[in-house]
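Computed from a predicted structure; not experimentally measured. Within every chain, numbering begins at 1; the chains are lettered A, B, ... in the order of the sequence lines, protein sequences first and strands thereafter.
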2 protein chains.
Amino acid sequence: MITRLAEEVTLRPRNGSIRDVARQAGVSIATVSRVFNDAASVSPDTRARIIDAAALLSYEPSSLGRNLVRGRSYLVGLIVPNISVPLYGTMLHGIEDVLAQHKMSALLGSSLDRSDTEIQVAQGLLGHSVDAGIVINSRVGVALPVQRMPDWVHISPEIADLPYRVELDNEKGGRLAALELLAAGHRAIGYVGAVGRESAERERGFAQELALAGLDYRRATGDYSETSGLEAGQEMLREPLDAVFVAGDLMAAGVLRALHDAGLSVPSQVAVIGFDDSLIAPLLYPRLTSVRQPAYEMGAAAAQLALDLINQKPATPKTFMPQIVRRESTRAFS
Amino acid sequence: MITRLAEEVTLRPRNGSIRDVARQAGVSIATVSRVFNDAASVSPDTRARIIDAAALLSYEPSSLGRNLVRGRSYLVGLIVPNISVPLYGTMLHGIEDVLAQHKMSALLGSSLDRSDTEIQVAQGLLGHSVDAGIVINSRVGVALPVQRMPDWVHISPEIADLPYRVELDNEKGGRLAALELLAAGHRAIGYVGAVGRESAERERGFAQELALAGLDYRRATGDYSETSGLEAGQEMLREPLDAVFVAGDLMAAGVLRALHDAGLSVPSQVAVIGFDDSLIAPLLYPRLTSVRQPAYEMGAAAAQLALDLINQKPATPKTFMPQIVRRESTRAFS
DNA sequence: TTGTACGCGTTATCAT
DNA sequence: ATGATAACGCGTACAA
């Protein structure tokens, strides 16, 4: 890849280098380096002199030089479809916390919701010599991992068989939702899903539990947006309905609105369960019961996986279990 | 700062270096470098040979070496109180887009909502030799900018007199809200604010317009959380109320809930205007009218400011104008 | 147009 | 415990 940069400016801060400190302290640069790295085998006296000299010149080792000689950047690249999606934000939070504990940092590479540029974004990150990479919700498929980043960590429910992945047991999530609605005595039940593997797995678990109870269910398909949820809700209401399980909180917001608009009260006439338990769930009216996806923990696990890969430790994929968070959009039962 | 890293592993990818390409193409490394940098003065013939050789060895210039010799990292550090806040996410989006256009990347340094660690976070970013920095909503005060990052860009409404800042005209925002409510004929008006400069400015503009109309208003104070909005709403309702202006969308969600709980309908009995127009505004019930803060554009402007600083171009602070986004929580008027 | 050679700031090896 | 010194990969005078 040929890179041309416009408006180039060379920044030579001319901050004191390790040599200046060595001269100031009357020692060799090797000793200075030792003080800042492997604390061992340097006498308390010279160590003090070096610390003083460094403080005097307000010296700090340059990561530029260090990275070159060590052959690593202490950077982990992140590919996120859209940073402003709250669920992803929470995952980033988990990633960032774990990386920070290991003196590493997260390099942002948003893929701008255009999956065709995802590889470009990855190459941009690679151009910064990232030590590892984490991809959230990629839809590019195998093209991305097989090329130059075979050991990137994925939180990408749409793609199966990734070697290093952190995932949610979506089927279990669907089962939890079904059990919750069944326990509350609902019988005329609907599912609002979306295209793709993630929704399919949630539906599978949901359908299994309903089948066990001898029940069928109606279904509608959206695209995780509120608008699509509104339409799906309207479609569902053409026939009597007891309860709905919606594969995403944002879509659930749309379903709730459809119910309001139809004059139906939630949960006394229709119960609603969303998915993700993103931060909008407790803000909806009524507050939305939702299948919680432990986004922070999943992010943290992905970061840990990336660190293990960097340190060449055994890195095994991890699956998280969802959990029902009960709020006002479902009836209490005892 | 003395850095000690546990579980260190040296990664020498042994990817082909510039030397290998030079050998393969039968030229000197200088010529190879020229091909990948200043496109000029290299014959089409040798250029082609070099490109081929590079492709053969799948060579790409190492940013590690390049950064060292150029003395810059092509990184911009970001300090964000909490990445999962949607408004900040949108700002990051704007920052990221502009940086990417200039082959730079955003290095995340979340300050974890603990302002006392903000300086640590900044030092962590500095440890990566970032070329510039952007601080969102800092509450640390002057301590941060004056030290080692005097030229960092701020989107921090709580701190005045920052040299490089991107801000919203909050006073104007308050004025817009007041005018909107006055035009709809409301007279018993309330303001729900919070502690700090940002809320004070919004209130100032709001109060000015009300005073011009010969009106007084009641006030309550929260902390931008939904819970505090709920409480503030309940407090306000002890006396009759026509309309409320709330200094944040999340707090407005709480106020809406207080109104619901009191059996008041919005907007026919009480109108509500929020602030920020974050992505929760259209999800609330009813959909919240809000004073829009152009978060994406503000992020983009901050990134541009940072780039100007890096390139030593004149960098002037920028102020954005808010705008009313009308939805269902206020009455239409003609 | 191309090559030589030095320097960027650091770590790490090998002496001492 | 400390010091020389050779890398690391690249950009760029300066020379040819």
Side-chain angles (χ1 to χ4, degrees), chain A residues 1-5 8-50 53-54 57 59-74 127-129, chain B residues 1-5 8-23 25-50 53-54 57 59-74 126-129:
Chain A
M1 194 175 75
I2 299 188
T3 331
R4 281 268 289 166
L5 296 175
E8 198 68 4
V9 168
T10 311
L11 308 174
R12 297 280 167 87
R14 281 258 146 263
N15 281 342
S17 83
I18 197 173
R19 260 177 288 272
D20 304 317
V21 178
R23 196 178 312 119
Q24 173 77 24
V27 296
S28 76
I29 62 169
T31 308
V32 177
S33 177
R34 275 189 273 263
V35 169
F36 283 90
N37 292 284
D38 85 54
S41 65
V42 39
S43 84
D45 178 43
T46 51
R47 156 180 297 267
R49 280 214 320 284
I50 289 173
L57 303 175
Y59 164 82
E60 273 186 43
S62 154
S63 66
L64 267 23
R66 166 185 306 173
N67 291 352
L68 175 60
V69 67
R70 292 217 190 147
R72 45 180 300 196
S73 63
Y74 299 91
H128 282 278
S129 310
Chain B
M1 193 175 77
I2 299 187
T3 330
R4 280 268 288 167
L5 296 175
E8 198 69 6
V9 168
T10 311
L11 309 175
R12 296 281 165 87
R14 277 265 148 256
N15 281 342
S17 83
I18 197 174
R19 258 177 290 271
D20 304 316
V21 178
R23 196 178 311 120
V27 296
S28 75
I29 63 166
T31 309
V32 177
S33 175
R34 275 187 275 263
V35 169
F36 283 90
N37 292 284
D38 76 56
S41 63
V42 40
S43 84
D45 178 43
T46 52
R47 156 180 299 266
R49 280 215 319 284
I50 289 173
L57 304 174
Y59 165 81
E60 275 185 41
S62 153
S63 66
L64 268 22
R66 166 186 300 173
N67 290 352
L68 175 60
V69 67
R70 292 214 188 145
R72 45 180 300 196
S73 63
Y74 299 91
L126 254 11
H128 282 278
S129 311

**Q** Can you tell me which nucleotide in C:dT11, C:dC8, D:dG3 comes closest to the side chain of A:Ser33?
**A**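 Of the candidates, C:dT11 comes closest.
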**Q** Rounded to whole angstrom units, what separation is found between the CZ atom of A:Arg23 and the C1' atom of D:dG3?
**A**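 A:Arg23 atom CZ is separated from D:dG3 atom C1' by 16 Å.
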**Q** How many whole angstroms separate atom CD1 of B:Ile50 from atom C1' of C:dT1?
**A**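 Rounded to whole Å, this separation is 11 Å.
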**Q** What nucleotide, of D:dC10, D:dA4, C:dG9, holds the atom closest to the side chain of B:Tyr59?
**A**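 Out of D:dC10, D:dA4, C:dG9, the nucleotide with an atom closest to B:Tyr59's side chain is D:dC10.
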**Q** Are the side chain of B:Asn37 and the backbone of B:Arg34 linked by a donor-acceptor contact shorter than 3.5 Å?
**A**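 Side chain of B:Asn37 to backbone of B:Arg34: no pair is present.
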**Q** Roughly how far apart are B:Tyr59 OH and B:Ile50 CD1, rounded to 0.5 Å?
**A**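 Interatomic distance, B:Tyr59 OH to B:Ile50 CD1, rounded to 0.5 Å: 10.5 Å.
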**Q** Between C:dC8, D:dC10, C:dT4, which nucleotide gets closest to the side-chain atoms of A:Arg19?
**A**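 Nearest listed nucleotide: C:dC8.
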**Q** For the side chain of A:Leu68, starting at C-beta, report the closest nucleotide among C:dT1, D:dG9, C:dG3.
**A**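 Among C:dT1, D:dG9, C:dG3, the one nearest the side chain of A:Leu68 is D:dG9.
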**Q** Can you figure out which of C:dT4, D:dC8, D:dG11 approaches the side chain of B:Arg70 most closely?
**A**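 For the B:Arg70 side chain, the nearest candidate turns out to be D:dG11.
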**Q** Between P on D:dA1 and CZ on A:Arg49, what's the gap in Å once rounded to a whole number?
**A**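 It works out to 15 Å between those atoms.
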**Q** Starting at the 5' end of DNA chain D, which residue's closest nucleotide do you reach first, B:Ile29 or A:Gly26?
**A**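 Closer to the 5' end of DNA chain D: A:Gly26.
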**Q** How many Å lie between CD on A:Glu60 and P on C:dT11, as a whole number?
**A**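 Nearest whole value for this atom pair: 12 Å.
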**Q** Of the nucleotides D:dG3, D:dT2, D:dC8, which has the atom closest to the A:Thr46 side chain?
**A**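 Nearest to the side-chain atoms of A:Thr46, counting from C-beta on, is D:dT2.
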**Q** Starting from P on D:dC14, measure out to CZ on B:Arg34 and report it in whole angstrom.
**A**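 Atom CZ in B:Arg34 sits about 14 Å away from atom P in D:dC14.
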**Q** Whole-Å distance between D:dG11 P and B:Arg72 CZ?
**A**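 So the two atoms are 13 Å apart, to the nearest Å.
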**Q** With respect to the side chain of B:Ser62, which nucleotide from D:dG9, C:dT11, C:dG3 is positioned closest?
**A**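 Nearest listed nucleotide: D:dG9.
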**Q** Determine whether B:Ile18 and B:Pro61 make a side-chain contact, defined as any pair of heavy atoms from C-beta on separated by less than 4.5 Å.
**A**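 Answer no - side chains too far apart.
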**Q** Please classify the nucleic acid contact of B:Ser41 as base, sugar-phosphate, or nothing, using heavy-atom distances under 4.0 Å.
**A**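 Base contact.
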**Q** Rounded to the Å, how far apart are A:Asn67 CG and C:dC8 P?
**A**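 Distance, rounded to whole Å: 18 Å.
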**Q** Counting only side-chain N and O atoms of B:Ser17, is one of them less than 4.0 Å from OP1 or OP2 of D:dG9?
**A**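 Looking at the OP1 and OP2 atoms of D:dG9, neither is under 4.0 Å from any side-chain N or O of B:Ser17.
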**Q** How far apart are the C-alpha atoms of B:Asn67 and B:Arg72, what are their side-chain angles, what is the distance that settles it, and do they pass the side-chain contact (heavy atoms from CB on, under 4.5 Å) test?
**A** CA-CA 5 Å; B:Asn67 290 352; B:Arg72 45 180 300 196; over 6 Å; no
**Q** Checking A:Ser129 side chain against A:Ser73 main chain: does a donor-acceptor pair fall under 3.5 Å?
**A**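 Not a single qualifying donor-acceptor pair exists.
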**Q** Side-chain N or O of A:Thr31 versus OP1/OP2 of D:dG3: is the shortest distance under 4.0 Å?
**A**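 So the side chain of A:Thr31 is within the cut-off, an N or O lying under 4.0 Å from OP1 or OP2 of D:dG3.
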**Q** Nearest to the side chain of B:Ile18 - D:dG11, C:dT1, D:dC8?
**A**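 When the side chain of B:Ile18 is considered, D:dG11 is the closest of D:dG11, C:dT1, D:dC8.
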**Q** Rounded to whole Å, please give me the gap between CZ in B:Arg66 and C1' in C:dG9.
**A**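 Computing the B:Arg66:CZ to C:dG9:C1' distance gives 18 Å.
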